[in-house]
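To start, the structure itself, in structure tokens.
These figures come from a predicted structure and were not determined experimentally.
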2 protein chains.
Amino acid sequence: MDVPTHSNPKSLSETRRSKSIPYQTATAFRRASSTPTIMTGDTQTTPRAPRSDNRRVQLLDAAARLFCERGYHATSMRDIAKAVDMLSGSIYYHFDSKQAMLLAVYAEGARRIGQLVDVAVERETDPWKRLEAASAAHLHALNVSHRDYAQVMIRTLPQDADGISAQLREIRRHYEAKFRRLIEALPLPPDVDKHYLRLLLIGALNWSHVWYRPDGDRPEVVARAFIRALRRQAAERG
Amino acid sequence: MDVPTHSNPKSLSETRRSKSIPYQTATAFRRASSTPTIMTGDTQTTPRAPRSDNRRVQLLDAAARLFCERGYHATSMRDIAKAVDMLSGSIYYHFDSKQAMLLAVYAEGARRIGQLVDVAVERETDPWKRLEAASAAHLHALNVSHRDYAQVMIRTLPQDADGISAQLREIRRHYEAKFRRLIEALPLPPDVDKHYLRLLLIGALNWSHVWYRPDGDRPEVVARAFIRALRRQAAERG
DNA sequence: CGGTTACTAGCAAACGCTTGCTTGGTTAAT
DNA sequence: ATTAACCAAGCAAGCGTTTGCTAGTAACCG
């Protein structure tokens, strides 16, 4: 159930636009990519696949947990290293920098919530039911099944990491488009502002990490209450 | 218009429970308190009032601005000192620690939003209008008139400052009680869950710092849109 | 299949710099 | 004359990152 479902290295690297971004060494990039990028030069040696005891995932899990618990700036590379019983310098074999780790966690968080939402939405046909399912999946990822990764993705602001702010914004924009489409599909009277309906719902969902308690109502119950409050009876009947 | 309306030192110190908390020296506390606490000992000299060129407020303004822009952990005492053209060590004449500064900014933020909300609510009588006015005031403080202080108060989580987490929680609880009362007063059918109605609204309001743009709709417009979405037509007519 | 080679994954130790905070002394407002 | 307010200097600890090196693993070759 709670087994971490990491993306394979390929899909991770695909969130990156170009090899020229300065947050991963050529070596680390080659590692992360499943398709061995053989250079055009003739003296180039063919790269090798990651070893079976590769601890990149362990490292990312620890980073996600600590970034979630303490926040990015309050977590040191030594903290992360200690969590997986490693020396801080060794992290730099897997990641180019602390910011690169944050970006990786953030992207993985977006991928996980996105996947959960997609699966949940597919099962429904009614527009309101689809939105409710998406909300429940979002809440579930954020507070139950993928807390660490998802909360880093939700709570990290672009200004927290200057060098990768553009990437962070793009990832979030891409995710939120799902909700934009779901709300666009709602049968609403023309006097209802879809823009603010979206901001109202997403804001409430994202704020849930502050008040959500595992021993309280389950995500589906919360989602139903939220959608119920937004779904105006009059619009329904008309 | 944008003149900072700081609380006087007395009201600030009142948010503190006891003199024994370890985040302000005896000296700094005496400074902050308007009623000079004369000790029972006989050899005690009477303390003097703060000088007219006291820069405590300037310092707090700078801290609020930097905490808001970069976050608490990403801001150093030297950054704050530099912002008011001071040496970092000199800050410790006014505040006992970095955490004490955060607490002061946080408390002042809560005071300012609280005051704006109180004033706005007083002008209305209809329960829904009162809630809408409170929402507009909240949005206004958070994104326009008291951005720095208010955003620190909203965005800072208890786990960001271990030693003062209880105080932070208490201040926030006290503020949110205003919304609890406003929603309690709404004429709602019994099937509407007031608990989740509150979480929905407050979450959306607090998330506004992510998307609010000064050249977009004014806070009152946003608040009206939010309340409109929550105020179900059916309930209104019944 | 055994040996050689190539390279992954990590250790150990440091680099230069920044951190929150302290202390002793000085100046200027009251 | 008193002392609020600040400076100058520095402390120990911690920061992100780099470097030189090596043990162990996997792919290849005869």
Side-chain angles (χ1 to χ4, degrees), chain A residues 9 22-33 36 43-60 63 66-67 70-82 84-102 161-164, chain B residues 9 22-33 36 44-59 63 66-67 70-82 84-102 161-164:
Chain A
Y23 299 103
Q24 194 161 35
T25 53
T27 306
F29 181 82
R30 215 184 316 118
R31 285 286 137 262
S33 164
T43 56
Q44 204 70 30
T45 59
T46 62
R48 191 178 283 183
R51 241 156 61 182
S52 60
D53 59 343
N54 190 297
R55 300 212 275 155
R56 187 183 199 270
V57 171
Q58 252 186 85
L59 219 34
L60 213 59
L66 291 169
F67 289 165
R70 314 179 187 176
Y72 173 69
H73 288 291
T75 303
S76 73
M77 294 299 265
R78 284 170 175 82
D79 290 336
I80 300 171
K82 196 175 293 173
V84 300
D85 217 55
M86 211 183 250
L87 293 190
S88 63
S90 308
I91 298 180
Y92 290 84
Y93 174 76
H94 300 279
F95 299 93
D96 254 26
S97 66
K98 197 186 174 189
Q99 282 199 352
M101 290 200 89
L102 177 62
D162 266 4
I164 54 171
Chain B
Y23 299 103
Q24 193 160 39
T25 54
T27 307
F29 181 80
R30 217 185 313 120
R31 288 280 139 265
S33 164
Q44 203 69 30
T45 58
T46 63
R48 190 179 283 182
R51 241 158 59 183
S52 64
D53 59 345
N54 190 297
R55 299 212 274 157
R56 187 184 197 273
V57 170
Q58 251 185 84
L59 219 35
L66 290 168
F67 289 165
R70 315 179 187 177
Y72 173 69
H73 288 290
T75 303
S76 74
M77 293 300 265
R78 283 169 175 83
D79 290 337
I80 301 171
K82 197 174 292 173
V84 299
D85 218 55
M86 211 184 249
L87 292 190
S88 66
S90 308
I91 298 181
Y92 291 84
Y93 175 77
H94 298 279
F95 298 93
D96 253 27
S97 65
K98 196 187 173 189
Q99 282 198 353
M101 290 200 88
L102 177 62
D162 266 4
I164 55 172

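Between B/S90 and the phosphate of D/dC7, there is a side-chain N or O to OP1/OP2 separation shorter than 4.0 Å. Between B/H73 and C/dT19 there is no side-chain polar atom (N or O) within less than 4.0 angstrom of OP1 or OP2. Phosphate contact (OP1/OP2 of D/dG14, side-chain N/O of A/S76, threshold under 4.0 Å): absent. Considering only side-chain N and O atoms, B/Y93 lies nowhere under 4.0 angstrom from the phosphate OP1 or OP2 of D/dC6. Under 4.0 angstrom from either OP1 or OP2 of D/dT3 there lies no side-chain N or O belonging to B/R51. Put simply, B/H94 has no side-chain N or O that comes within less than 4.0 Å of OP1 or OP2 on D/dA4. Between A/N54 and C/dA9 there is a side-chain N or O to OP1 or OP2 distance below 4.0 Å.
Taking the nucleotide of DNA chain D with the nearest heavy atom to each of B/S52 and A/K98, the more 5' of the two is matched to B/S52. Across the interface with DNA chain D, nearest-nucleotide mapping of A/Y72 and B/D53 shows B/D53 to be the residue nearer the 5′ end.
Here the straight-line distance linking atom CZ of A/F67 with atom CG of A/L60 works out to 8.5 Å at 0.5 Å rounding. Rounding to the nearest 0.5 Å places OG of B/S90 at 5.0 Å from CG of B/L87.
Residue B/D85 contributes atom CG, which lies 18 Å from atom P of D/dA5 at whole-angstrom precision. Following rounding to the nearest Å, A/K82 (NZ) and D/dG16 (P) show an atom-to-atom distance of 12 Å. Atoms OH (B/Y92) and P (C/dT19) sit 11 Å apart, rounded to a whole Å. Atom-to-atom, CZ of A/R70 to P of D/dG14 comes out at 13 Å; the value is rounded to the nearest Å. Here D/dA5 presents its C1' atom at 14 Å from CZ of B/R56, a figure rounded to the nearest Å. In this structure, B/L59 places its CG atom 8 Å from P of D/dC6, rounding to the nearest Å. Taking atom CD of B/Q58 as the reference point, atom P of D/dA5 lies 13 Å away to the nearest angstrom. The CG atom of A/D79 sits 12 Å away from the C1' atom of D/dG16 (whole-angstrom rounding).
A 4.5 Å side-chain heavy-atom check between B/H73 and A/Y72 finds every atom pair outside the cut-off. B/I80 has its side chain out of reach of B/K98: every pair of non-hydrogen atoms, C-beta onward, lies at least 4.5 Å apart.
Picking from D/dT17, D/dC6, C/dC11 the nucleotide with the shortest atom distance to the side chain of A/M86 gives C/dC11. Relative to the side chain of B/M77, the nucleotides C/dG20, C/dT30, D/dA8 differ in distance, and C/dG20 lies closest.
In this model, a side-chain donor or acceptor of B/S88 finds a partner on the base of C/dC21 within 3.5 Å. A/R78 contributes no side-chain N or O that forms a donor-acceptor pair with the base of D/dG14 under 3.5 Å.
The nearest pair of heavy atoms linking B/I164 to B/Q99 is CD1-O, 3.5 Å.
Heavy atoms from other residues, nucleotides or ligands lying under 6.0 Å from CG of A/D85 number 12 at most.
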